[in-house]
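Report on the structure given below.
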Amino acid sequence: MADPTLLFCVGATKAGTSWLYRYLHDHPSCKLRAVKEAHYWDTFEADPQAKQIAAFQLRLSEMQDARAQAKADGIQWKVNNMTRRIGEMQGLINVLGDNRRDDLGYTAWLMQDAGDAALVADMTPSYASLPDFRLNRMLRMSPTTKFVYLLRDPIDRLWSHARMQAKRFKQSDEDYAKKANNILWRVVNKGAETHIMERGDYPATIERLRKVVPAGQLLIQFMEDLFTPAGLQKLCDFLCIPHHPADAQRVHAGDDVAMRDDLRPLVAQFLQNQYDWVATHVGPVPDHWQNNLKRAQL
């Protein structure tokens, strides 16, 4: 039996990776773990390793509480589901805390119960910032290794990321919309919250990926095209999996709050180089990109 495609979806953040995870998770030819973002390759150093294990242990505790509640409520399907997820999370925690010299524990975790699946995947957007030597190590894991990097309209992506940060760190006495706009203002006017732009810096990320990953093993795709028959077919062909119908509903779309009108032209100017670079070095941008930029410039 041929080895399954080993997919690393490496971003961009807030560019449709959760939708793609759900699509592949539900695809009959794929086998994905219940944990979308494994954070194996970006936690080799002691500090990020300890922080990620702590975060996963917190999620594990929450799962155990949910299973206990399901038992008390007599909901057996939920008990079974949580038991499976608990096992996968505990297995990943063990992998992150174990010796990583040969990556065998990680490989076993990814491949567990894969059977004759055509694809397994780790979909961690922060991998886009990994150094070259680690990307090369990922490539060497399998002759079938492939990378996908999704691009979303730069204004939409930045605003979504700012809203995510606002929701994650909002205090009880803070207004969510005001906080999101304040974060956006600091990014555009002060160069603050640098990780937000680093996670969506298309020129820097794509140039680094193209330098390391062979062309036939790297797909750069517009998120907006995933919702079209041709775009989805292109993805499936690249991943060597049969085409399967998709649910166009967005995942983790974020709360619908408005960007301040005075910020729109500033954001458009701030991101102009992203639009120009992608149009030149990736290909014609979707109509939505062009229309969104024009509206913001008015």
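Just so you know, these numbers come straight off a predicted model, no measurement behind them.
- Looking at residues two or more places apart in sequence or on another chain, you find no side chain to side chain donor-acceptor pair (under 3.5 Å) involving Asn181.
- Residues passing the ring-ring contact (aromatic ring centres under 6.0 Å, His included) test with Phe147 are Phe8, sequence neighbours excluded.
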In a table with atom names and distances, give each donor-acceptor pair under 3.5 Å that connects a side chain of residues 49-66 to protein atoms at least two apart or in another chain.
| from | atom 1 | to | atom 2 | distance (Å) |
| --- | --- | --- | --- | --- |
| Gln49 | NE2 | Leu96 | O | 2.6 |
| Lys51 | NZ | Asp47 | OD2 | 3.4 |

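- Judged purely by atom type and a 3.5 angstrom limit, Gln274 has no side-chain atom pairing as donor or acceptor with the backbone of Pro154.
- The same ILVMFWY cluster, assembled from side-chain heavy atoms under 4.5 Å apart, contains both Leu158 and Val282.
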Next on the checklist: Apply side-chain contact (heavy atoms from CB on, under 4.5 Å) to residues Val213 and Met138 and explain how you reach the verdict.
Outcome noted: CA-CA 10 Å; Val213 183; Met138 295 162 72; over 6 Å; no

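- Remark: Ala68 pairs with no residue by the side chain to side chain contact (heavy atoms under 4.5 Å, CB included) rule, at least two apart or across chains.
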Just list the side-chain donor-acceptor pairs under 3.5 Å for residues 215-226, sequence neighbours left out, or say none.
| from | atom 1 | to | atom 2 | distance (Å) |
| --- | --- | --- | --- | --- |
| Gln217 | NE2 | Thr145 | O | 2.8 |
| Gln221 | NE2 | Gly231 | O | 2.8 |
| Glu224 | OE1 | Trp289 | NE1 | 3.1 |
| Glu224 | OE2 | Asp153 | N | 3.0 |
| Glu224 | OE2 | Trp289 | NE1 | 3.1 |

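- The closest side-chain heavy-atom distance from Arg85 to Val35 is not below 4.5 Å.
- Rounded to the nearest 0.5 angstrom, Tyr275 OH and Ile155 CD1 are separated by 3.5 Å.
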Under 3.5 Å, which donor-acceptor pairs do the side chains of residues 188-197 form with other protein atoms, sequence neighbours left out?
| from | atom 1 | to | atom 2 | distance (Å) |
| --- | --- | --- | --- | --- |
| Asn189 | ND2 | Trp185 | O | 3.1 |
| Glu193 | OE2 | Arg186 | NH2 | 2.9 |
| His195 | NE2 | Gln165 | NE2 | 3.2 |

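- Panel note: side chain Thr280, backbone Asp276; a donor-acceptor pair is recorded below 3.5 Å.
- In this structure, CG in Asn292 is found 11.0 Å from CD in Gln290, a value given to the nearest 0.5 Å.
- Rounding to the nearest 0.5 Å places NZ of Lys14 at 12.5 Å from CH2 of Trp159.
- The shortest non-hydrogen separation linking Leu20 to Leu150 is CD2-CD1, 4.2 Å.
- Within the 4.5 Å cutoff, the side chain of Ser142 has no heavy atoms near those of the Thr107 side chain.
- Residues Leu151 and Ile206 form a side-chain contact, since some pair of their non-hydrogen atoms from C-beta on lies under 4.5 Å apart.
- Taking both residues in full, the closest heavy atoms of Thr17 and Ala12 are given as CG2-O, 3.8 Å, listed atom of the first, atom of the second, then distance.
- Side-chain contact between Leu6 and Leu110 is present, with at least one heavy-atom pair separated by less than 4.5 Å.
- Residues satisfying the ring-ring contact (aromatic ring centres under 6.0 Å, His included) criterion with Tyr106, sequence neighbours excluded, are Tyr40, Trp41.
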Next on the checklist: Working note: Met164 + Arg168, criterion side-chain contact (heavy atoms from CB on, under 4.5 Å); need CA distance, chi angles, decisive distance, verdict.
Outcome noted: CA-CA 6 Å; Met164 180 180 72; Arg168 181 175 294 173; 3.7 Å; yes

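- Heavy-atom minimum distance, Asp261 versus Pro265: O-CD, 3.4 Å.
- Each salt bridge (Lys or Arg N to Asp or Glu O under 4.0 Å) pair with one or both residues in residues 285-298, not counting sequence neighbours, would appear here, but there are none.
- A donor and an acceptor atom, one from each side chain of Asp42 and His39, are located under 3.5 Å apart.
- Under the 3.5 Å distance criterion, the side-chain polar atoms of Trp109 are matched with a main-chain donor or acceptor of Glu88.
- Under the 4.5 Å side-chain criterion, counting only non-hydrogen atoms from C-beta, Lys78 is not in contact with Asp73.
- Residues in residues 128-151 take part in these salt bridge (Lys or Arg N to Asp or Glu O under 4.0 Å) pairs, two or more places apart or across chains: Glu45-Arg134, Asp103-Arg137, Asp132-Lys211.
- Annotation: the span from Ser126 atom OG to Glu198 atom CD amounts to 12.0 Å, rounded to 0.5 Å.
- Put simply, the side chain of Lys179 reaches to within 4.5 Å of the side chain of Phe169, judged on heavy atoms.
- Thr83 and Arg67 form a side-chain donor-acceptor contact under 3.5 Å, judged by distance and modelled atom types alone.
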Next on the checklist: Using side-chain contact (heavy atoms from CB on, under 4.5 Å), reason through Gln112 and Arg33 one step at a time and then give a plain yes or no.
Outcome noted: CA-CA 9 Å; Gln112 183 180 352; Arg33 314 313 301 163; 3.6 Å; yes

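- For the atom pair Met82 CE and Arg84 CZ, the distance stands at 9.5 Å (nearest 0.5 Å).
- Of all the heavy atoms in Ala38 and Tyr127, the pair that sits closest is C-OH, 4.1 Å.
- Nearest heavy atom pair, residue Pro4 against residue Thr144, reads O-OG1, 2.6 Å.
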Considering only distance and modelled atom types, tabulate donor-acceptor pairs under 3.5 Å from the side chains of residues 233-246, sequence neighbours left out.
| from | atom 1 | to | atom 2 | distance (Å) |
| --- | --- | --- | --- | --- |
| Gln233 | NE2 | Asp237 | OD1 | 2.8 |

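- By the side chain to side chain contact (heavy atoms under 4.5 Å, CB included) test, Asp102 pairs with Leu104, sequence neighbours left out.
- Aromatic ring orientation, Tyr23 versus His27: perpendicular (interplanar angle above 60°, classes split at 30° and 60°).
- The structure places CG of Asp175 at 8.0 Å from NZ of Lys170, a figure rounded to the nearest 0.5 Å.
- Taking all atoms of both residues into account, the shortest heavy-atom contact from Thr124 to Lys36 is OG1-O, 4.5 Å.
- In Lys71, the NZ atom is not crowded: 12 or fewer heavy atoms of neighbouring residues, nucleotides or ligands sit closer than 6.0 Å.
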Checklist entry - Are His281 and Tyr202 close enough, and set up right, to give a side-chain contact (heavy atoms from CB on, under 4.5 Å), and what steps lead you there? => result CA-CA 10 Å; His281 297 278; Tyr202 298 151; over 6 Å; no

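- Contact of the Asp201 side chain with the Glu207 side chain is not registered, since no non-hydrogen atoms from C-beta on lie closer than 4.5 Å.
- Between the side chains of Gln297 and Gln272, at least one donor-acceptor pair of N or O atoms lies under 3.5 Å.
- Residues forming a side chain to side chain contact (heavy atoms under 4.5 Å, CB included) with Ala121 (at least two apart in sequence, or on another chain): Leu7, Leu32, Leu119, Met123.
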